[in-house]
Amino acid sequence: MKKYLLFTILALLLLNSNSNATTATFSDTCANLSLTGPDADQGNGYFIDAAGKVNSGYSYYAWFYVDGAYNSYNYSFFSTSFTKRYGPFTGPHTFKLIMQGGGSMNLCKRSVELAVAPKKKDPKEMAADICIAIGSLPDSSFKNNPSQRKNAFCEKTDEVIELIEYAANSTDPVVQDQFYQDAIDKLQNDIGAKMDSYAGGEKNNDWVTDEKAQEPIYMDVQKLIKELQELQ
C-alpha cells in the first residue's frame, strides 16, 4: 500500500510539474507552433507539451530537439495538426520544435524554442541549509567543543538570514546594498574563514578541521556570497 501511494504521489508530481507554466509560440501564414513547460525546473521532473498546425500544403513533419539534438526524439508524421508530450526532464534544457509542410515546390518550415532553467533557491533558505549541513557533521570534524561550534555557526547563519531580510524589506538601494554587504562579510569572515584550510586559508582559526567536511559546506557559503553579490 505504501509503495502504491509513493508511486501515486510521484505520478501526480510529474503530471502537474508544469504548474507556473510558460509557453513559447510562433504564428504566421505558414504555421502555428507552441512549446509549453514550467517557468523553472523544480527538481522533481517536468514535461514539455509540443503542439502546432501547418496551414497549407502536404507532407507534414515535426521534429523535437533537446539541447540542439533530437537523439531519440525523432520526427513525427502528422495530418495538419500535431500534439505530443515529451519527458520527464530534470535540470536546465533548451527545447526546439520544428514543423514542416508543403510540397517540394512550396516548402513551409518554421520553428520555436523554449528554455527551462533551474529554480533559484531563496538566499535565506541557502543560509538555513548551511546551518543544517554543519549540524549534521560528526563531532570528529571539529577542532574542539563540537556542540558549541555547531550552535555558534547556526547563530551566525541566523544573523545572515536577518540581514538578508532587512535588505529585502528596505526600499532604499543604499541601505539594501549595505545589508547585503554585511551579510557577505559575515559569511566570509565569520563562517567561511572558519573552514577554509582546504582552499588555502588560515588553518589555525578553523573550527571545522576535517578538510573533506569543509569542502562542500565552504562551497555552499561561496555560492550564497555570489548570490548576494548579484542582488547588490
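Along the sequence shown, the residues carry numbers beginning at 1.
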> Between CG of Leu224 and CD of Gln229, what distance do you get to the nearest 0.5 Å?
10.0 Å
> Nearest 0.5 Å, what's the NZ-CD1 distance between Lys223 and Ile130?
10.0 Å
> Does NZ or CZ of Arg85 fall inside the cone over Phe47's six-membered ring, less than 6.0 Å from its centre and within 45° of the axis?
yes
> Nearest heavy-atom pair of Leu97 and Ser34: which atoms, and what distance?
CD2-O, 3.8 Å
> Where do Gln178 and Asp182 land on the side-chain hydrogen bond (donor to acceptor under 3.5 Å, both in side chains) test, with the steps shown first?
CA-CA 6 Å; Gln178 186 58 58; Asp182 290 345; 2.9 Å; yes
> I would like to know whether Gln181 and Asp185 meet side chain to side chain contact (heavy atoms under 4.5 Å, CB included); could you show each step before the answer?
CA-CA 6 Å; Gln181 188 59 51; Asp185 291 343; 3.0 Å; yes
> Under 3.5 Å, is there a donor-acceptor pair between the side chain of Asn169 and the main chain of Glu165?
yes
> For Asn55 and Asp28, work out which heavy atoms get closest and say how close.
ND2-O, 3.4 Å
> Which heavy atom of Gly135 sits nearest a heavy atom of Lys150, and at what distance?
O-NZ, 3.4 Å
> Of Met195, Lys156, Arg149, which is the lone residue that meets side-chain contact (heavy atoms from CB on, under 4.5 Å) with Ile134?
Met195
> My understanding is that only one of Gln188, Lys186, Lys194 makes a side chain to side chain donor-acceptor pair (under 3.5 Å) with Asp190; could you say which?
Lys186
> Taking the side chain as every heavy atom from C-beta outward, state whether Phe142 and Thr209 have any atom pair closer than 4.5 Å.
no
> Starting at CZ of Phe153, measure out to CD of Gln148 and round the result to the nearest 0.5 Å.
13.0 Å
> Can a donor-acceptor pair be found between the side chains of Gln214 and Asp196 at a distance below 3.5 Å?
no
> Going through the checks in order, is the side chain to side chain contact (heavy atoms under 4.5 Å, CB included) test met by Leu107 and Gln100?
CA-CA 7 Å; Leu107 185 65; Gln100 174 183 306; 3.4 Å; yes
> Could you check whether any side-chain N or O of Asp139 sits under 3.5 Å from a backbone N or O of Pro146, counting only pairs where one atom can act as donor and the other as acceptor?
no
> So do Ile98 and Phe64 actually touch side chain to side chain, heavy atoms under 4.5 Å?
no
> Roughly how far, to the nearest 0.5 Å, is CG of Leu163 from CG of Leu228?
9.5 Å
> Got a salt bridge between Lys121 and Asp129, using NZ or NE/NH1/NH2 to carboxylate O under 4.0 Å?
yes
> Under 6.0 Å from the six-membered ring centre of Trp63 and within 45° of its axis: does the NZ or CZ of Lys109 meet both?
yes
> Could you tell me whether the side chain of Asp41 reaches within less than 4.5 Å of the side chain of Tyr46, counting heavy atoms only?
yes
> Using only heavy-atom distances, determine whether the side chains of Asn151 and Glu155 contain a donor-acceptor pair under 3.5 Å.
no
> Answer whether the closest heavy-atom distance between the side chains of Leu114 and Ile48 falls below 4.5 Å.
yes
> Please say yes or no: joined through hydrophobic side-chain contacts below 4.5 Å, possibly via intermediate residues, are Tyr180 and Val175 part of one cluster?
no
> Grab the two heavy atoms, one from Pro92 and one from Ala117, that are nearest each other, plus how far apart they are.
CB-CA, 4.1 Å
> Are the side chains of Ile217 and Val208 in contact, using a 4.5 Å heavy-atom criterion?
no
> Looking only at heavy atoms, which two atoms of Leu137 and Ala213 are closest? And how far apart?
CD2-CB, 3.7 Å
> Quick check: closest heavy atoms across Leu33 and Val112, and the distance to 0.1 Å?
CB-CG1, 3.8 Å
> Is Glu113 close to Leu35 at the side-chain level, that is, under 4.5 Å between some pair of heavy atoms?
no
> I'd like to know if the side chain of Ser170 and the backbone of Ala167 have a donor-acceptor N/O pair within less than 3.5 Å.
no
> Counting C-beta onward and ignoring hydrogens, is there a side-chain heavy-atom pair between Asp49 and Thr83 closer than 4.5 Å?
no
> Check Lys143 with Asp206, please: is the shortest side-chain N to carboxylate O separation under 4.0 Å?
no
> Nearest 0.5 Å please: distance from the OG atom of Ser141 over to the NZ atom of Lys212.
11.5 Å
> Could you please spell out the steps behind the side chain to side chain contact (heavy atoms under 4.5 Å, CB included) verdict for Ser197 and Glu202?
CA-CA 6 Å; Ser197 59; Glu202 174 59 47; over 6 Å; no
> Within the side chain of Asp158, is there an N or O that forms a donor-acceptor pair under 3.5 Å with the backbone of Ile161?
no
> Under 30°, 30 to 60°, or over 60°: which ring-plane class applies to Tyr198 and Tyr218, parallel, tilted or perpendicular?
perpendicular
> Would a 4.5 Å heavy-atom cut-off, applied to side chains only, mark Phe95 and Val116 as touching?
yes
> Nearest 0.5 Å, what's the OG-NZ distance between Ser111 and Lys96?
4.5 Å
> Could you state whether Ile164 and Tyr166 fall into the same hydrophobic cluster, counting links through intermediate Ile, Leu, Val, Met, Phe, Trp or Tyr residues with side-chain heavy atoms under 4.5 angstrom apart?
no
